[in-house]
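Okay, structure first, notes after.
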Amino acid sequence: MKENKITLKETFKLNYKGFKIINKYCPGMFLSDFLHAAVSSVVPYVGIYLSALIINELAGGRNQEKLTSLIVITLITTLVLAILQGILSRWSNSKKNTYYYSFLKIFSDKMFSMDYEDLDSQKMQDLKSQIMQNNQWNAWGLSRIYHTFEQLIKSLFGILSAVILTVSLFTSSVPESAGAFTLLNNPLFILLIIGIILLTTFLAPAFSNKADSYWVKLSEYMKMGNRFFGHFGFFAFESDRALDIRIYEQNKLAFDYIKTEGVYTKDSMGVVFARGPQGIFHALSGAVSKLSLFFIYLFVCLKAWAGAFGVGSVTQYVGAVTSLSGNISMLVQFIGSMKNNVPFMRTVFEYLDKENNMYKGSLTTEKRSDRKYNVEFRNVSFKYPGSEVYALKNVSVKFEVGKRLAVVGMNGSGKTTFIKLLCRLYDPEEGEILLNGIDIKKYNYDDYMKVFSVVFQDYKLLARPIAENVAASLNYDSERVIDSLNKAGFTERLKDMPKGIDTFLYKNWDKDGVEVSGGEAQKIAIARALYKDSPFIILDEPTAALDPIAEAEIYSKFNDIAGDKTAIYISHRLSSCKFCDEILVFDKGKVIEKGSHEGLLENKNGKYFELWNAQAQYYV
Ligand code: ADP
């Protein structure tokens, strides 16, 4: 949390900016809330005013006709206002029910559109989890605006109505016949009463905001604590840990961690504050606001006693002045709350305002029917953001169209990085990558993405029908889906499926959904890559969970499936790729050898030869 001083200007600016974003995602929510709060805050004053008129008439003239019409007016007004309030409440509630969805959408949209480089960065991930934790913790950040907007409107309308009803308290004078009581007509009393009201109205929320400021003090501590609790508190919910938990009694360990970290225990900072200063400030805030009530009653009752106004007006004035004070308090509290919200809003906008720096060109990748796309890496070097080490160094490679290219090397040698750069998830730091002789940055990004199908190591399938998985769309060509699945070797399994390609994967959404094994899932992922029908198809070790022999089988079978596409195979297992036309050997981010399997084996001092012999035992 930044320690910068919080000014009123920044308070207004950031919260208003947040207001505008919420209003954009949740149109009508603030409007309905505004109207509902406005009507709700005026209703009690209308009641106070009308009942004062009735009581005054009862205590005074007792004119039956006047009384009847007052009662009818009161009934009709109350009825109309109640109906209006009900309608507005319904409208505002239905709008508010969509808030959480909109809140998530604000962040999802940002995440979908963010440069992958940023999405993947530790800093942005930390920011996002802070924002979500602050939101969950005490609705700090955007949600605070949503929660307190009603408070703002109610307090503003409340102040306005109360002032209107209070004016005559000071203007109606005690008659001369009341003797010493005429002292109450002295304008000094106006100042005195206003003074008391203001003092208590400002003191009460000031104490309350002071109490709340302890939340802000706690934020750094709670950030860690919440993360800790979020992990260990929900340990039992993670079913994939169940085996470890039982074998190693990790349940005890989880409780011990929570105890030692002391986040929600009786000695935690939050509880110490609540028992101490935070609690005291809350109590003071409550006490002070009751004090003003005493003086208001005293003044109003004395004036009524002396004959300045009727008995009915006592309720009107006491009610109006009390709520004037209450509403000013509410307004001050609102401003304080917005001020306390500033550090959280800074975090929100640090995330939402992150600009995309990746240059995105406008050239289209020509849709060549001959699929003659060639790609060249020219002296490409790359370091991951925040890292000092080159993940790739001076890589120069040219792919020949329609060939099979293998990228092999030990884990961590830069193979996946090479593919990530090719797919423009990151831009090279030095050098350039060319598609048909043109720097890939100059192409329209979405268009460029169409050139590649990749089956990543950690591909994910959706718990939706197989066809939608393969086509990555709700609209698909069933024949092509089945053809892709057949090519990927899924034919037999598909025959077993009750609803064919409409069968749901997993049971999340359909009780008849099917579980698939790792190998089957991978075939679906491969079918998805085939369905996309891009000129380049890349397999980035999606087979890592399989044994070397099974992987080699899949890779060489894939060779037939790939047809006229340019295929790139990545593996740390050399045997999987020996059929390829060209093999690039990566080591510490560099291409240290290239050639065919036989050619590379001839160099007895080469890395390929060394790796091949080291791995040979697995293939025999
Ligand atoms: P391979 O695919 O050959 O196993 P990678 O391309 O994944 O290797 O990784 C190359 C190097 O880059 C490794 O040293 C790895 O630790 C590092 N690296 C990979 N991804 C990231 C990342 N997101 N941030 C920082 N370093 C990374």
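Both counts, for ligands and for their atoms, begin at 1 and track the order of listing.
Under the side-chain hydrogen bond (donor to acceptor under 3.5 Å, both in side chains) criterion, E598 pairs with no residue, sequence neighbours left out. Scanning for side chain to side chain contact (heavy atoms under 4.5 Å, CB included) contacts around E238 gives H231, D240, R241, with sequence neighbours left out.
Ligand 1 is surrounded by D120, Y384, A391, M410, N411, G412, S413, G414, K415, T416, T417, each with at least one heavy atom closer than 4.0 Å.
Using a cutoff of 4.0 Å between basic side-chain nitrogens and carboxylate oxygens, K565 and D533 are scored as salt-bridged. Between D427 and R424 a salt bridge is recorded (basic side-chain N to carboxylate O distance below 4.0 Å).
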Report task. Walk me through it: do Y99 and S143 pass the test side-chain hydrogen bond (donor to acceptor under 3.5 Å, both in side chains)? Result -> CA-CA 9 Å; Y99 171 75; S143 297; 2.8 Å; yes
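The stretch residues 402-415 participates, sequence neighbours left out, in these side-chain hydrogen bond (donor to acceptor under 3.5 Å, both in side chains) pairs: E400-K403, R404-N559.
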